[in-house]
Each structure stands twice: as structure tokens, then as C-alpha cells.
Amino acid sequence: MKFCAIFVLFIVLAINGYDCKIVQFIFGDSLSDVGNNKNLPRSLATANLPFYGIDFGNGLPNGRFTNGRTVSDIIGDKIGLPRPVAFLDPSMNEDVILENGVNYASGGGGILNETGGYFIQRFSLWKQIELFQGTQDVVVAKIGKKEADKFFQDARYVVALGSNDFINNYLMPVYSDSWKYNDQTFVDYLMETLESQLKVLHSLGARKLMVFGLGPMGCIPLQRALSLDGNCQNKASNLAKRFNKAATTMLLDLETKLPNASYRFGEAYDLVNDVITNPKKYGFDNSDSPCCSFYRIRPALTCIPASTLCKDRSKYVFWDEYHPTDKANELVANILIKRFDFMRADDGISHAPSPAPDISPSSDNN
């Protein structure tokens, strides 16, 4: 489980007649998706049916894989930033980018191109970076290269993926990665790939960036339902710990090598584990099963109109077999706001132009 993003207060800059704000660009999976997969016609990883979105806006499905807000939504709201629009949202244009930023997150996506292949359509991180490069092209055409370089280097970047690379890749025998690697070599493979991706983002202007770690993946309802005794699956959770440790080291090293880079790792494992282990301490009654489920059939995999809902959604940690509820997301967002200095305006970011990078080709079927 991965969580959230880093955001900042509004800073108004006059650029060729435009009031350019410091915005955010989010790269992620279903925990951050705000409607991209909803607009992928052949994707099998969607949140298009009731009761997704029941506690958000008009209560209709909006592409978020929860009953309400994502962690990113909540943090942005609390510090007064507009929400980045999904890349595939019909309203997307140059003015929307300059005003709101962009969210490229895609349910089922991973750091690796091969992750989540059975979902047919989804954006891997490489694909999301390719889309971001296209975003830069249209902004340059709109306000010019000099101003665009400043706009993108002032922006905040969030990378929040990794759990699918385990749950929907390495831990499933249908994927070749499950037998090509062992636990350590697979994590090494992820780190090598992620490091390359972060270098590309840096070359595209990403100076202020946060990567969020994984929670105890073995304790999501799906993993419990697949176990023999209903308890957490330690193998999956231990892989999350390996990932977090390796990512922390990699980011610290990368920050020293890339000019003007300010990278942070958002560690959420201990917090989420404590919520799951001691739910009543945080105001929850249930932390081992989904609020939205298909009667007693487990795992239900997704929430559908025929599903039944728990009586009080605010008392459940998990909304479906994979994803937290709005209430759980709010708890995590509040802790992360306290843990990190989201409001700092003077960040010393350099505005020197960046060379255009070579993007690794994506194998996504889009």
C-alpha cells in the first residue's frame, strides 16, 4: 500500500500573462487514480460501478477506487491546492494543466511494464512518464520553453507505485517474474528500474519529488482471504519492508548524484500496520474485511451494485479487498501532513533548463 503526495501553497507568478501556480504531478496506481482507468475502454481494472464514489460529490462512480477521497485529494484540500485532473479527463487542456497539474495514476499500474498485464489496459510508470513528456510539449507550445522550464521545475512530483509489482506480478505464478527472481533479486530489479525512471523525471525538470513506500501488503483483505487461517500473509508484508528499505537507500544516493534534487521517501508502513493491528485505537471497528463485499463470498475482488455495504463506513479500514476507505485515507493524510513539511515555500529549487531525455519504451497495450 502506498500513500499520498507532497503539495505546496499557492505562489502566483506572472508568466506571459498567465498566473502560473506551483502545481503537482502525480504518478501512481489505483490508490491515486482519479479517473484515468475509467476512460480506458478495455481496462479490467476500473472503479466504474456503484458503490465506488458513494461518499464523494454526487455519490456516483468517478474513477476513484474507494468510497470517497484518495490520500492525495485530502492533503491537497487541507493545504488549499486544487486537485490535479486525470490525464484522460475530457476537460484536459493546456489551461487545466497550468491551473491544476495532472494526475497520471492508473489502477493496476506498476513500476514494471509487465505488471498487471491481465488488466489489459493500464498505465505503467514508464507510460505515465511518456504521457508527462507529452504534457510538457503542449505547455511549451502554450507559454514558451523558458517559462515552461520554470513551471515544471517549480512543480511538485509524487511517485506512488510498487504494490502491484508484488501482488499482481511477482506473487502470481502466471507471471514469469515469479520464477525468474527471488525476493531480493526482484526488489533489486524494481530499484534499478525505479532509479532509471526517477532520473528521467529529473531530466524533465522534477526537482522536488516524493516517493511513497508500501504498507503491510499481506494484511489487505484479499491476502487474508487467500490465506488458510485468515491472518496476514507475512511473505507479502516482508516484501514491502524490503522495498521500503531499498527505496530509502536508493533515494538518498540519487539525491546526492542529481543536481538540485530534493527527494523524500514517505514511510507509512508502521502507521498502517498499527491501524490494522489496533483499529479501535484509531476509531475503527474492523480492519480485516472490506466494507463493500458480496455477502459471504470472499474474496469478492471488486465492489459491485449487488454487493452489500457495512452499516458504518467510517468504522472500516478497508473499502474493498484492496483499497482503504475514505476515513482510513484521511487518517493517513493527517499523519503525513504532520510528518512532512508540506507548506514550505522557500525550497531552493534551481530553475536551470533540463535536457530532453530518452524515454524507455512502454509495452502497455493502450
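Not measured: the values here are computed from a predicted model.
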- Task: Evaluate side chain to side chain contact (heavy atoms under 4.5 Å, CB included) for N182 paired with T185, printing each intermediate quantity in order.
- Result: CA-CA 5 Å; N182 60 40; T185 58; 3.0 Å; yes

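- No side-chain heavy atom of F318 sits under 4.5 Å from any side-chain heavy atom of D288.
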- Task: Evaluate side chain to side chain contact (heavy atoms under 4.5 Å, CB included) for L31 paired with F212, printing each intermediate quantity in order.
- Result: CA-CA 11 Å; L31 291 171; F212 274 86; over 6 Å; no

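- F123 and F27 have their aromatic ring centers separated by at least 6.0 angstrom.
- Using modelled atom types, no side-chain atom of S43 and backbone atom of L40 make a donor-acceptor pair closer than 3.5 Å.
- Side-chain contact between F265 and E267 is present, with heavy atoms from C-beta onward closer than 4.5 Å.
- Judged as a disulfide (SG to SG under 2.5 Å), the pairs with a partner in residues 152-222 (not counting sequence neighbours) are, in order, C219-C232.
- How far CD1 of I22 is from NZ of K150: 8.0 Å, rounded to the nearest 0.5 Å.
- Contact between C292 and F51 at its shortest, heavy atoms only, is SG-CD1, 4.3 Å.
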- Between T277 and D274, does a side-chain hydrogen bond (donor to acceptor under 3.5 Å, both in side chains) hold up when you go through it step by step? CA-CA 5 Å; T277 305; D274 196 40; 5.7 Å; no

- Message: Before you tell me yes or no, could you show the steps for Q133 and V200 under side chain to side chain contact (heavy atoms under 4.5 Å, CB included), namely the whole-Å CA-CA distance, both residues' side-chain angles and the distance that decides it to 0.1 Å?
- Response: CA-CA 10 Å; Q133 189 172 34; V200 171; over 6 Å; no

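- In this structure a side-chain-to-backbone donor-acceptor pair under 3.5 Å is missing from Q153 to G205.
- Side-chain atoms of N286 do not come within 3.5 Å of backbone N or O of Y316 as any donor-acceptor pair.
- Taking a cutoff of 4.0 Å between a charged side-chain nitrogen and a carboxylate oxygen, R64 and D33 do not qualify as a salt bridge.
- R156 places a side-chain N or O within 3.5 Å of a backbone atom of D154 that can act as its donor or acceptor partner.
- In this structure, the ring of Y181 has its center less than 6.0 angstrom from the ring center of Y189.
- A distance below 6.0 Å separates the ring centres of F25 and F152.
- The closest side-chain heavy-atom distance from R83 to N100 is not below 4.5 Å.
- At a threshold of 4.5 Å between non-hydrogen side-chain atoms, the residues L201 and L209 count as touching.
- Ring centers of F132 and Y157: under 6.0 Å apart, within the cut-off.
- A donor-acceptor pair under 3.5 Å is formed between the side chain of N238 and the backbone N or O of N234.
- Closest of all the heavy-atom pairs between A236 and M217 is O-CE, 3.1 Å.
- Here the shortest heavy-atom pairing between N260 and R207 reads O-CD, 3.6 Å.
- Residues V23 and F151 form a side-chain contact, since some pair of their non-hydrogen atoms from C-beta on lies under 4.5 Å apart.
- Here the CG atom belonging to L125 is positioned 12.0 Å from the OH atom belonging to Y104, to the nearest 0.5 angstrom.
- Scanning all heavy atoms of the two residues, the minimum distance from N169 to S178 falls at O-CB, 4.4 Å.
- With 3.5 Å as the limit, one finds a donor-acceptor pair spanning the side chains of Y118 and N168.
- Taking NZ of K315 as the reference point, atom CZ of F284 lies at 9.0 Å (rounded to 0.5 Å).
- No donor-acceptor pair closer than 3.5 Å links the side chain of D326 to the backbone N or O of D55.
- Side-chain contact between E255 and L251: absent, with no pair of heavy atoms (C-beta onward) separated by less than 4.5 Å.
- Side-chain atoms of D95 and N93 include no donor-acceptor pair closer than 3.5 Å.
- The OG atom of S196 lies 8.0 Å from the CD atom of E192; values are rounded to the nearest 0.5 Å.
- Summarising the geometry of Y263 relative to L198, their closest heavy-atom pair is OH-O, 3.9 Å, with the distance given to 0.1 Å.
- With Y52 as reference, T302 is the one residue of T302, T46, T66 to meet the side chain to side chain donor-acceptor pair (under 3.5 Å) rule.
- With hydrogens and angles disregarded, a donor-acceptor distance shorter than 3.5 Å links the side chain of D165 to the backbone of L112.
- Atoms CZ and CG, on R242 and L190 in that order, are 12.0 Å from each other to the nearest 0.5 Å.
- One N or O on the side chain of R122 and one on the backbone of G116 form a donor-acceptor pair closer than 3.5 Å.
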- Could you go through the side chain to side chain contact (heavy atoms under 4.5 Å, CB included) check for I111 and F243 one step at a time? CA-CA 12 Å; I111 293 168; F243 177 94; 3.8 Å; yes

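- In this structure, S106 contributes its side chain and G109 its backbone to no donor-acceptor pair below 3.5 Å.
- Counting all heavy atoms, side chain and backbone alike, N39 lies closest to L88 at ND2-O, 3.5 Å.
- In this structure, N164 contributes its side chain and G110 its backbone to no donor-acceptor pair below 3.5 Å.
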